[in-house]
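The next block holds one structure in the form of structure tokens; read it before the comments.
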Amino acid sequence: MLLKEQIEAQIPEWRERVKKLIKEDGAVKVGEVNIGQVYGGMRDVKGLVTDISYVDPSEGIRFRGYTIPELLEKLPKPEGSEMPYAGGLYFLLLVGNIPTKEEALEVEKEWKARGQVPQYAFDILIAAPADTHPMTLFSMAILALQRESIFTDQYHHGLKKDAYWEPTLEDSLNLTAKLPAIASFIYRMRYKGGEIIQSDPNLDWGADFAHMMGVTDPGYQDLSRLYFLLHSDHESGNVSAHATHLVGSALSDIYYAASAGMNGLAGPLHGLANQECLGWLLDVFNKYGHVPGKEELHQFARDTLSSGKVIPGYGHAVLRKTDPRFTAQHQFGMRHFPEDDIFKLAALVYEVVPRVLQEQGKAKDPWPNVDAISGALQYHYGVREFDFYTVMFGVSRILGVSANLVWARALGQPIERPKSLTTAMLEEIAAKATAS
Ligand code: NMX
Ligand code: MLT
């Protein structure tokens, strides 16, 4: 497999580079931590490392050094499509180079060969109470598949540390291959009377998801490819990536680790914000019966804040400008359906809400994040059951977190175990600092 060979070829150099850095410069400080950060969700504490993506506060995400517009231009695309193969993106995340079409198609082929979901995983979903949240079902299905882990099996039969990454790559390909079928099964079981649509062997991973969802508009294939690219990775400190890394650091396999990551993604301050955001847009639309004017929208947003709620889709822990993932989705909507009411509303919110948040003066980042508009695009194509939206985020995010776990294993990253202090200890540290 070209993918595996290219990862393998890089590992000795990476190991050497990291070993040298730790040996020669292990004591060099990268920052300091203050009491505000200890109580404040470790914001801006630099304690993680990844070479797969980086979020600059004023620029946004770069995947392996490439901005989103660069990726949309450079990654190989299926004939006649506007958006790249997810297989090419996965190659880039894992290997670090823009793949050739042949390399992207090899990943797509691997996924096809590994995409069959064992019936027992579906049976577990069918047995769950009908009102179980789609994210719970998604996480359950991933966890159910844990018995398939090659890493865990080989580990218990004796596996050298240097070789950990190999079965982790196998597990990652096996799991990611199945995600479109699992997600669309949840959708069809939950909202379409259980009429399951089988995978089409002629379609790429992103387009096959669109097909299995039962959305026939060809534009949805490109939206799916775009969606899966944009949500895949956002450096290491976000809740889903960090949870996956943390659990994986105990040498739990990718099924345990990704399921944990998905449980974090299911929180309303993280991935669930896309469902909350569409709900909020519909509340606005239904209140006025049409796309309201800026003044009415301004008032609605103020009312949301005064009722103690956050405005979903706005604000970010790291970003301090409009999320380029928002911009890419906004541009997609402008190209394909600028007159769609809910899309127009989401675009109008962008003109109003940052000002409302600035007036309130609490949010450090008043600008839209990835979740502010993703639901409006789904809604246009008829995927309107918004409690499903975070599952699509999860399908994409597992591309990033699994690529990270392969490299964490390749570089022998240790079990994660930061130190905690008591409040009395922090008070003592503060008293000493004041006295000196
Ligand atoms: N609406 C209202 N208040 C907000 C918002 C918002 N969109 N964003 C931040 N604030 C408040 C925040 O609740 C906090 O209030 P308090 O001091 O009363 O606790 C204050 O502003 C300072 O928060 P920040 O330091 O700016 O933000 P933080 O880094 O703590 O949190 C988020 C980041 C993303 C959790 C926060 O902006 C938020 O809750 N946004 C809405 C939910 C959302 O869109 N989440 C999705 C993020 C992207 N993703 O997919 O994960
Ligand atoms: C993400 O994509 O994980 C979100 O933007 C949250 C984050 O980066 O903190």
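Note that the coordinates shown come from a computational prediction; the quantities given were computed from them, not determined experimentally. Note that ligands are numbered from 1 as they come in the structure, with each ligand's atoms numbered from 1 the same way.
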| request: Enumerate the protein residues lying less than 4.0 Å from ligand 2, judged by heavy-atom distances, in chain and residue-number order. | output: His234, Asn238, His270, His316, Arg325, Phe393, Arg397
| said: Set out, in order, the CA-CA distance, both residues' side-chain angles and the distance that settles salt bridge (Lys or Arg N to Asp or Glu O under 4.0 Å) for Glu70 and Arg64, then state yes or no. | reply: CA-CA 11 Å; Glu70 284 166 352; Arg64 290 290 194 175; over 6 Å; no
Run through all N or O atoms in ligand 1 and write down each protein N or O closer than 3.5 Å, as a pair with its distance.
{"unit_1": "ligand 1", "atom_1": "1 (N)", "unit_2": "Ile311", "atom_2": "N", "d": "2.9"}
{"unit_1": "ligand 1", "atom_1": "7 (N)", "unit_2": "Ile311", "atom_2": "O", "d": "2.8"}
{"unit_1": "ligand 1", "atom_1": "7 (N)", "unit_2": "Tyr314", "atom_2": "O", "d": "2.7"}
{"unit_1": "ligand 1", "atom_1": "18 (O)", "unit_2": "Lys362", "atom_2": "NZ", "d": "2.8"}
{"unit_1": "ligand 1", "atom_1": "21 (O)", "unit_2": "Ala363", "atom_2": "N", "d": "3.3"}
{"unit_1": "ligand 1", "atom_1": "25 (O)", "unit_2": "Lys364", "atom_2": "NZ", "d": "2.7"}
{"unit_1": "ligand 1", "atom_1": "26 (O)", "unit_2": "Lys364", "atom_2": "N", "d": "2.7"}
{"unit_1": "ligand 1", "atom_1": "29 (O)", "unit_2": "Arg43", "atom_2": "NE", "d": "3.1"}
{"unit_1": "ligand 1", "atom_1": "29 (O)", "unit_2": "Arg43", "atom_2": "NH2", "d": "3.2"}
{"unit_1": "ligand 1", "atom_1": "30 (O)", "unit_2": "Arg43", "atom_2": "NH2", "d": "3.2"}
{"unit_1": "ligand 1", "atom_1": "40 (N)", "unit_2": "Tyr314", "atom_2": "O", "d": "2.9"}
{"unit_1": "ligand 1", "atom_1": "44 (O)", "unit_2": "Gly313", "atom_2": "N", "d": "2.7"}
{"unit_1": "ligand 1", "atom_1": "44 (O)", "unit_2": "Asn369", "atom_2": "ND2", "d": "3.0"}
{"unit_1": "ligand 1", "atom_1": "45 (N)", "unit_2": "Leu269", "atom_2": "O", "d": "2.9"}
{"unit_1": "ligand 1", "atom_1": "49 (N)", "unit_2": "Asp371", "atom_2": "OD2", "d": "3.3"}
{"unit_1": "ligand 1", "atom_1": "50 (O)", "unit_2": "Asp371", "atom_2": "OD2", "d": "2.6"}
{"unit_1": "ligand 1", "atom_1": "51 (O)", "unit_2": "His270", "atom_2": "ND1", "d": "2.7"}

State yes or no: are the ring centers of [X] and [Y] separated by less than 6.0 Å?
{"X": "Phe332", "Y": "Tyr227", "answer": "no"}
{"X": "Tyr90", "Y": "Trp205", "answer": "no"}
{"X": "Phe138", "Y": "His133", "answer": "no"}
{"X": "Tyr187", "Y": "Tyr191", "answer": "yes"}
{"X": "His242", "Y": "His270", "answer": "no"}

| note | Per side-chain contact (heavy atoms from CB on, under 4.5 Å), Asp208 is matched among Gln221, Glu108, Met213, Lys112 by Lys112
| task | Write down the atom of Leu281, the atom of Leu345, and the distance for their closest heavy-atom approach. | result | O-CD2, 3.2 Å
| Sidechain N-carboxylate O distance under 4.0 Å for Lys77, Glu82 | no
